Structures are given as structure tokens and as C-alpha cells.
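Every value quoted in this text rests on a predicted model; they were computed, and no experiment measured them. We name chains A, B, ... by the order of the sequence lines, and we start the count at 1 in each one.
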There are 2 protein chains.
Amino acid sequence: MRASTENGDQERDRDGGGGPRAGRRGPRPAGAATISRVAEAAGVSRATVSRVMNGSPTVSPELAARVRAAAEALDYAPSPAARRLALGRTGTIALVVPDLGNPLFQGVLRGLSQAAGKAGRQLLVAESDEDPEEEVILALEARRNSDGLVLASPRAPAERLCSIGERLAPFVLVYREVPGLGAPSLSIDNAAGVRDLVAHLTGLGHRRLAYLAGPPGSAGNAERLAALRAATGGLEVTVLPCGSMFDDGHAAAPAVVERGASAVVGFNDMVASGVLTGLRELGVGVPDDVSVTGFDDIPFARYTTPPLTTVSIPKSELGRQAWERLWALMNGEGGGYNVRYQPRLLVRGSTGPAPSR
Amino acid sequence: MRASTENGDQERDRDGGGGPRAGRRGPRPAGAATISRVAEAAGVSRATVSRVMNGSPTVSPELAARVRAAAEALDYAPSPAARRLALGRTGTIALVVPDLGNPLFQGVLRGLSQAAGKAGRQLLVAESDEDPEEEVILALEARRNSDGLVLASPRAPAERLCSIGERLAPFVLVYREVPGLGAPSLSIDNAAGVRDLVAHLTGLGHRRLAYLAGPPGSAGNAERLAALRAATGGLEVTVLPCGSMFDDGHAAAPAVVERGASAVVGFNDMVASGVLTGLRELGVGVPDDVSVTGFDDIPFARYTTPPLTTVSIPKSELGRQAWERLWALMNGEGGGYNVRYQPRLLVRGSTGPAPSR
DNA sequence: ATGAAAGCGCTAACAA
DNA sequence: TTGTTAGCGCTTTCAT
């Protein structure tokens, strides 16, 4: 499957010891200077070059200068691959998410990328495409190529995660909490968010709600739905299967109307925006005829018509915090407590008093 | 800056040859099986284990089975770090973008991630935060840790890019074309998109346009603006400094009204959506009083009120294609021709006939 | 302060 | 078909 070839480098002979055999194949970037060449050019040992490159203070200024000059002249930079092997450290951390198209994960990606970047770490990203087993495989592989992992795995079964927990360490879990897993978890208090939403809605007089359900199997959806049921004791709640995308919400509009709900609670902002549009197309006024709420506060939520009432969650903060935790873990400090971020209700124009009728 | 420690592993002694010295420090994942241990357990040489792990057909079935059993029992997987060094190949490709929050780059990220993932490659991602020099530094570093690079670098000066072109190879450039750079480029024909937009608008009778300019220094903005000027011979075009985010567009609404433009051409969909909202807040009807167009066709553009007229560009297709090109390049096949994707005009509700007044 | 040498864990010529 | 051996390019004792 792999093309091989390449052999266009002759000039090689380093390795001071004058090894018995010489000619070898060469998967070398063909031109990259090595530590040996620099050492030779500077007239010092490889150890000294290594010391200089790593800023060890135990090198005489003269030598250091000579080495630096030689390195400069040869345009030398240490091979990351060789350092990985020698150091047993990759300088990289990994992020595994189900869907890079989802603003939730984009948020943690950004936060993590910036935090890790600032600390001089590289970031490996993998997308599981919502496949539970794929999440696990990718996590394992990503972890082997990095020093630590941030895992957003809404689908993989808890037991599965626990069974590989040790091989994943150090790692931190985001948007989910798995009891018994030995990793810190950064999650959202979905129930609290839903309660705020429901309180807001009932305060406006709404008694007939419709819930636009997220993808089945999503841990977030399960939590939000359960909280909704718990928070709406005497109320009528219709659960409409929906999804997580604009189009899913859009397609659900007719069903909402048919059920005669006065308020619809979307699984997330995308389905909420979708239903907003769908409702308008159906001639239903929002919020005059029906109120709509979202969840997550994606950047766009402020710009729907009317602007979406939703609960805000700290997406990129999760990424930044994930880095902090991971960093602590990688330094052998404990992972600290789990935290659940409390969402904040954002009342905007898409909700209003229930129509009297 | 780096905490060190770790030393909790004693049991070590491999290396069949019985080397003179023995005790060593050990940055080993503390527990990971090595090829030597598997070889020992299976009673074969390391070479044989390597062969089996790499599916070489030149191993007798018995041996292969024994090796596989031993590997399984020890829970062995080859060290990626060691393979990198031995093979001179990382199994990873890198993507460098200015802003992970921008749907344009998210699109190529997704396309690339999926294509590379399907091919069993890992993906390294770095964000330059719109800093031209940072783009270059990050690109260089990312490239050293990968086998190939996809670079979205709207800011870095062409000469700078050319000067490091060799060290970046193999790589492909997206959303930009740099003559003389020895890398294939996948870009968007911004001028064509703008022409379509202008034709559409003038066809509707618009004569006074306002352009909401993107960030200064953005290559995309420069192209779009130049094309706009070229395409609007006798027309009045006001250029309003704006930016690339929702809020920038939103903030520009008053200026649009003040200039009395009958149509506003947004640098991208985000500023267009922003101005849409801003205009409505000002009591200006869209498209009755003024028409608005965007650029890019981000997922949300269909869901604004009214839905945004824009030009669609193949964001994730760019990512997929980038992988194809990179793959070809990595196999020593030429990079092929540069391609400019032609955007497609999407007429939606945000544009209409110019008011007669 | 500097160098010699022994690996890190794997692959691939080469020999048998 | 299998083993031996020489690296890949770096870091790090240990001895000087």
C-alpha cells in the first residue's frame, strides 16, 4: 500500500566510531542537518551540541557560541522524532471529538488549541463521526501519539471507557461525567439549564411544551430530557424526535404546530434556529404564537429572528480548563475535582407570554 | 519550566546482547511492552516480531501465530515514536489556519480530517491567530512534526512564503494562490463570485452599493474588493471598513443607512448577517428598503431572516482535495494544476428589486 | 565543563 | 523463512 523508493542521498558517513558496515538505506528528509554534523562542524561532541540546544548552563560561552554558529550555518534543528524517542515525550496533546462541525466541540477545540499553543504544545485532532466504538479506537491511538488526551465522548458506553481508562491516562473528559473513571471531568449542568428554561417559560404562562429531542444516544440529550421531565411536573410535554442540526429543527416545525404547543424547547440552538425559521414559514409568530428556546448559546443565537432565548455554556473555557487539568495531570499533580459549569439563562426575543386563547 | 521526576520503574534488563553497562533512566510509559519483550516471550527475534506486526508475508504461520499470541498477551503495540524515527515518517499531516472560529477554515478542517482519517493518518492542527509571522513559524514547526502540510495563510507575505517553501514541502496552499511558490494551490475565484453578485444586484436595479470590507490585510478581502471595483464601472460604491464578524456587520448598519445605499455587499456571510440584524433594528426593511448579500454560504446563511443571498464555496471539498493533492505529493507524484473553484450564486430572500423612491 | 558510550524501540539490509 | 546487526537522531549518565 505504501510507495517506498527514495535513495538519492550518498554523502553520509557520520557516526564517529567508524562502524564496521556503512551503506544504509535512508528515510532521511534528505538534507536535514543532524546533531552529529553540527558537532563535527563545531568540533565538539554530540553531547555538547545537545546541551547547547537545550540551554544547559554547564557549557562554556565560547563553545556554546561555536555550536550555535555551526547550527545556524547548517540550518540545524533537532529532529522531533528522535527527541520523542529519547525523551519518551511527544510535546503533543490530543483532542478527540464526535463532530468537528458542532459549535460545542469547535469551542473546546479553540480553547484547547490556544491554551496548548501558548504552552508550546502541538495539538492532534481526531473526529469520531459519532461512532461510539470509533471514539474509543481513535482515543487510544491519539493518546499513543501524544502526552495526554482531551476526550469528548458522548456516545461510548461508560464501561467501555472505564476498561481503557488506564491506557488513556493522563486524560480529561469534557461534556460528560463517568463515575468511576479515574479522570477529571469538565461538564455542563444540563439539568440546571433546563430548570432555568422551564422556570422562565412557566413564568410566562406556558403550559403546553414541546421538546425537540437531540440524537438518540447522546448523553447530553438524555440529561436534558430527563431534567425537562423532572422540572415539568403537572405540565404537558410532547417529545418530538428531532436531531441536532438546523434542518432537523426546520423539519420539526409542522409537528410543533400540530401538537398545539405554546413553547418549544430545542435540544440545542441549531434545532431551535431551524424551528424558528420553519415556524415563520408556517405563518406562526414567534414569540407571539409560540415561544422557542435553544441551548448552548452558539455565536449565531444572537442573530436569529427573533434572537434566541437560550442558556449559555462556556465552550472554549472548557477547552482552556481542559488544558490546565491535563497539564496538572502530566506533572503528576492530581486532576482536582470534577466541575460542572452552571449554564446561564439568556432571555432574548424568542420567548414571550403564552397566548391567552 | 518542565517538571521532571518519574522513576518508578525497576524491572528492566532487556537487550539480548548483554550490553556492558545496564542501569538507565527511563522515560518509558512505565508498563508498555516492547518489541524485545514480545520477541522473548514468543521465542523469536525482534525482526520477526516486526515482520508479523507489519504483515510481512514471509513469516511461517506457526511463528506468526506465536508472535501474535505473545503480543496479545502482553498487550503490545509498536511504539509510534520509535517507528517515526526508524521510518522517517510520522503518519501525520498538519493543518495550519489563521482562525479556528471561522467557518471557512472549519470547513477545510472537517474535510481534511475526514479524508486523512480514512487514510489512517493523524491530523495536527495549529492556529496562527491571524498573525502573519506566526503563520510561518507554526507552519514550519507543524511540518517538522508531520509528513505534509495544508496551509491556509491569508496574511503571510508571498516572499516570506516562497523563502520557506522548500522546507514546507510537501504542502498545499488553500484559499490562496502564490505565484512562484512550488506548491499546488486550491483557491476560490473571488472575482467571479463578486461579479455574479453585482450582476444580480444591478439586474435588480441597484445603483448605489455599499461594501462592508473585511479585515485589512486579508487576501480574500483584497480580491473581493478589487473585483467589486472592477465590476461596478459606472456605479456608486461606498466602502465601509467593517471586519469579519457578526458584530462588525451589526455595527456597520447605521453607516449603511446614512450612505443611502440600496444594496450592501458583505465581505462574508457573518458581517452580512450582522448587518441584516442591525438594519432591522433600525427599522429598515430587507429586502424592501435595502438588499444584502454575503459570501461563503456558511451553514447559517439559510437561516437568517430573510435568508441570505450569497455565493457558495466548497469549503470541505477544499479539505478533501487538499488531502488528495498532499497524498500525491507525498508519493512523489507532481502536485497537479492549481485549481480555482468557481463559486455559485445562491439567490435567497435578502435581495430584491431596488426601491423606486 | 566536556566527551564517551549506552540506550530510547523500531526497521531493514544482509547473511544464513 | 529467520536471525544478526547496524542504524534512525537524540539525550543522559558516568567518567574525566
Side-chain angles (χ1 to χ4, degrees), chain A residues 2 4 7 9 12-29 32-39 42-54 56-64 66-67 76-91 144, chain B residues 4 7 9 12-29 32-39 42-54 56-64 66-67 76-90 144:
Chain A
R2 219 72 125 267
S4 51
N7 221 333
D9 40 4
R12 179 121 27 75
D13 197 2
R14 29 149 269 38
D15 185 30
R21 196 98 55 67
R24 287 228 357 342
R25 99 269 79 145
R28 243 234 326 267
T34 71
I35 197 174
S36 295
R37 281 173 137 41
V38 175
V44 301
S45 72
R46 301 193 329 246
T48 297
V49 176
S50 175
R51 289 186 186 108
V52 172
M53 298 307 293
N54 293 301
S56 157
T58 78
V59 181
S60 83
E62 295 88 321
L63 272 200
R66 242 163 60 206
V67 168
Y76 167 75
S79 147
R83 302 196 81 227
R84 282 187 184 225
L85 183 55
L87 258 11
R89 211 194 309 130
T90 66
R144 299 205 80 226
Chain B
S4 52
N7 220 332
D9 41 4
R12 179 126 24 76
D13 198 2
R14 29 148 271 39
D15 186 30
R21 194 98 55 66
R24 284 213 22 323
R25 77 15 276 234
R28 243 238 320 272
T34 70
I35 198 175
S36 295
R37 280 175 139 41
V38 175
V44 302
S45 73
R46 299 190 336 242
T48 297
V49 176
S50 176
R51 290 187 186 107
V52 172
M53 297 308 292
N54 293 301
S56 158
T58 79
V59 181
S60 83
E62 295 90 322
L63 271 201
R66 241 161 64 205
V67 168
Y76 168 75
S79 148
R83 301 196 82 226
R84 281 185 186 227
L85 183 54
L87 291 174
R89 211 194 309 129
T90 67
R144 298 204 81 227

The side chain of [X] is closest to which nucleotide in this list: [options]?
X	options	result
A/Leu85	C/dC10, C/dA5, D/dG9	D/dG9
A/Ala82	D/dG9, C/dG3, C/dC10	D/dG9
A/Thr34	D/dG7, D/dT2, D/dG9	D/dG9
B/Ala47	D/dG3, C/dT2, C/dG9	D/dG3
A/Leu87	C/dG9, D/dG9, D/dT11	D/dT11

Whole angstrom value for the distance that separates [atom2] of [N] from [atom1] of [X]:
X	N	atom1	atom2	result
A/Arg89	C/dG9	CZ	C1'	17 Å
B/Asn54	D/dT1	CG	P	17 Å
B/Arg83	D/dG9	CZ	P	17 Å
A/Met53	D/dT11	CE	C1'	13 Å
A/Ile35	D/dG7	CD1	P	18 Å
A/Arg46	C/dA6	CZ	C1'	10 Å

Look at the side chain of A/Arg84 and the backbone N and O of A/Gly91, then say whether any donor-acceptor pair between them is shorter than 3.5 Å.
-> no
On the nucleotide [N], are OP1 or OP2 found under 4.0 Å from the side-chain N or O atoms that [X] carries?
X	N	result
A/Ser79	D/dC10	no
A/Ser45	C/dA4	no
A/Ser36	D/dG9	no
A/Thr48	C/dA1	no

Taking the nucleotide of DNA chain D with the closest heavy atom to each, which residue, B/Arg144 or B/Gly43, is nearer the 5' end?
-> B/Gly43
So what does A/Val49 hit on the nucleic acid, given a heavy-atom distance under 4.0 Å: a base, only sugar-phosphate, or nothing?
-> nothing
For A/Arg51, which contact category applies under a 4.0 Å heavy-atom criterion: base, sugar-phosphate, or nothing?
-> base
Looking at residues at least two apart in the chain, or sitting in another chain, which of them share a side-chain hydrogen bond (donor to acceptor under 3.5 Å, both in side chains) with B/Ser60?
-> none
Side-chain heavy-atom pair A/Leu63, A/Val52 within 4.5 angstrom cut-off = no
Heavy atoms, side chains only, cut-off 4.5 Å: are A/Thr58 and A/Arg51 in contact?
-> yes
When rounded to the nearest 0.5 angstrom, what is the spacing between CZ in B/Arg83 and CG in B/Asn54?
-> 5.0 Å
